[in-house]
Number of protein chains: 2
Amino acid sequence: MLNGVLTALSDPTRRAIMTELGAGERRVSDVAAPFEMSLNAVSKHVKTLERAGLVRRRRVGREHFLTANPAAFERAAEWFDAQRKFWNARLDRLEHLMTEEAGNE
Amino acid sequence: MLNGVLTALSDPTRRAIMTELGAGERRVSDVAAPFEMSLNAVSKHVKTLERAGLVRRRRVGREHFLTANPAAFERAAEWFDAQRKFWNARLDRLEHLMTEEAGNE
DNA sequence: ATGATGTTCAACCATCTGGTTGAATGTATA
DNA sequence: TATACATTCAACCAGATGGTTGAACATCAT
């Protein structure tokens, strides 16, 4: 869902986690290590990303391995792309009108 | 700022407002009309979008005319595009490795 | 001047959010 | 078995968020 993905990614910590996972599979505590907040806080962020479908979890014994699920980006990326296209078209149309106007002067 | 734009757009009401403004300049009360919430609530949402740079306001007498500022989308759109490119490259690399692996069997 | 219109401001409220700490759970290891 | 490790769960807290209502402000129309 677009909503969940956008909400999840509107937090800088969570975007950083996604970037971190860009380097490959990581355990929860590895992901948490660079941050100054508690492991618990990061664990919550991971859960949020997971709920949004952006992160997948693989349990091996007591360790939880996390991977990014890039497919989940798609909806949001597409939404922004659609916006971009729409506004570009609109600006082009506007510009076109203005040059036409100029031609009539 | 990426953060502000993403946060602003993570709310469905605010995304709807942006869509509404896609049709052209609108007064605050016109923007508010289709929503079931109070004018005040929408006014607050507009202010949020304005703070994020996504909306511009033009005061004419007592009326405030709003327009979308598509340029503000750019950062966010670019961020998603960068993500998309990064993950596609990563998947390609992975696929490549796997076919190489298969060739060695 | 009066009153209606368009909008914001201010105070309030319930819920969400992002963080904390401490305990619980499950698993590996000595 | 006892202990250390990896992680989550639960309770709590402060501050943000999204909504409400009522008053204030500025402007237009009579």
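Letters go in sequence order (proteins before strands), and every chain restarts at 1.
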Asker: Rounding to a whole Å, what distance do you find between A/Asp30:CG and D/dA6:P?
Answerer: 9 Å
Asker: Under 6.0 Å from the ring centre and within 45 degrees of the ring axis: does the NZ or CZ of A/Arg58 meet both conditions for the six-membered ring of A/Phe65?
Answerer: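 That pair qualifies as a cation-pi contact.
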Asker: At 4.0 Å (heavy atoms only), tell me whether A/Lys44 reaches a base, stays on the sugar-phosphate, or touches nothing.
Answerer: base
Asker: Here's a test of your reading of the structure: between A/Glu36 and A/Glu63, which maps to the more 5' nucleotide of DNA chain C?
Answerer: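 Per heavy-atom nearest nucleotide, the more 5' residue is A/Glu36.
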Asker: Identify which nucleotide among C/dC9, C/dG18, C/dG19 has an atom closest to any side-chain atom of B/Lys47, counting heavy atoms from C-beta outward.
Answerer: C/dC9
Asker: C/dT20 P sits how many Å from A/Leu39 CG, rounded?
Answerer: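 Rounded to whole Å, this separation is 10 Å.
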Asker: So, B/Arg56 and B/Glu50, do they make that salt bridge, N to O below 4.0 Å?
Answerer: no
Asker: Check this for me, if you would: do A/Arg15 and A/Asp11 make a salt bridge, where the nitrogen-to-carboxylate-oxygen distance has to be below 4.0 angstrom?
Answerer: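 Salt bridge absent between A/Arg15 and A/Asp11.
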Asker: Rounded to whole Å, how long is the line connecting atom CZ of A/Arg26 with atom P of D/dA6?
Answerer: 16 Å
Asker: Under 4.0 Å between a side-chain N/O of A/Ser38 and OP1 or OP2 of C/dG19, yes or no?
Answerer: no
Asker: Starting at CZ of B/Arg59 and ending at P of C/dT5, how long is that distance when rounded to a whole Å?
Answerer: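 Rounded to the whole Å, the gap is 22 Å.
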Asker: Whole-Å distance between D/dA16 P and B/Asn3 CG?
Answerer: 14 Å
Asker: Take the protein atom NE2 of B/His45 and the nucleotide atom P of D/dA16, then report the distance between them rounded to whole Å.
Answerer: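 Distance check: B/His45 NE2 to D/dA16 P gives 18 Å.
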Asker: Confirm from the modelled atom types if A/Asn40 and C/dG18 form a donor-acceptor pair under 3.5 Å, side chain to base only.
Answerer: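 It does not, because no donor-acceptor pair links the side chain of A/Asn40 to the base of C/dG18 below 3.5 Å.
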Asker: Could you tell me how far apart A/His64 (NE2) and C/dT25 (P) are, to the nearest whole angstrom?
Answerer: 15 Å
Asker: Relative to the 5' end of DNA chain D, which residue comes earlier, B/Arg14 or B/Gly61, by the nucleotide with the nearest heavy atom?
Answerer: B/Arg14
Asker: Output the rounded distance in Å from CZ (A/Arg27) to C1' (D/dC5).
Answerer: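 Those two atoms, CZ and C1', are 9 Å apart.
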Asker: For a 4.5 angstrom cut-off between non-hydrogen side-chain atoms, does A/Arg90 reach A/Phe86?
Answerer: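 Result yes, sub-4.5 Å side-chain heavy-atom pair found.
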Asker: Is the shortest side-chain heavy-atom distance between A/Phe80 and B/Asp81 below 4.5 Å?
Answerer: no
Asker: Nearest heavy atom decides the nucleotide; on that basis, is A/Arg62 or A/Ser10 closer to the 5' end of DNA chain C?
Answerer: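 That would be A/Ser10.
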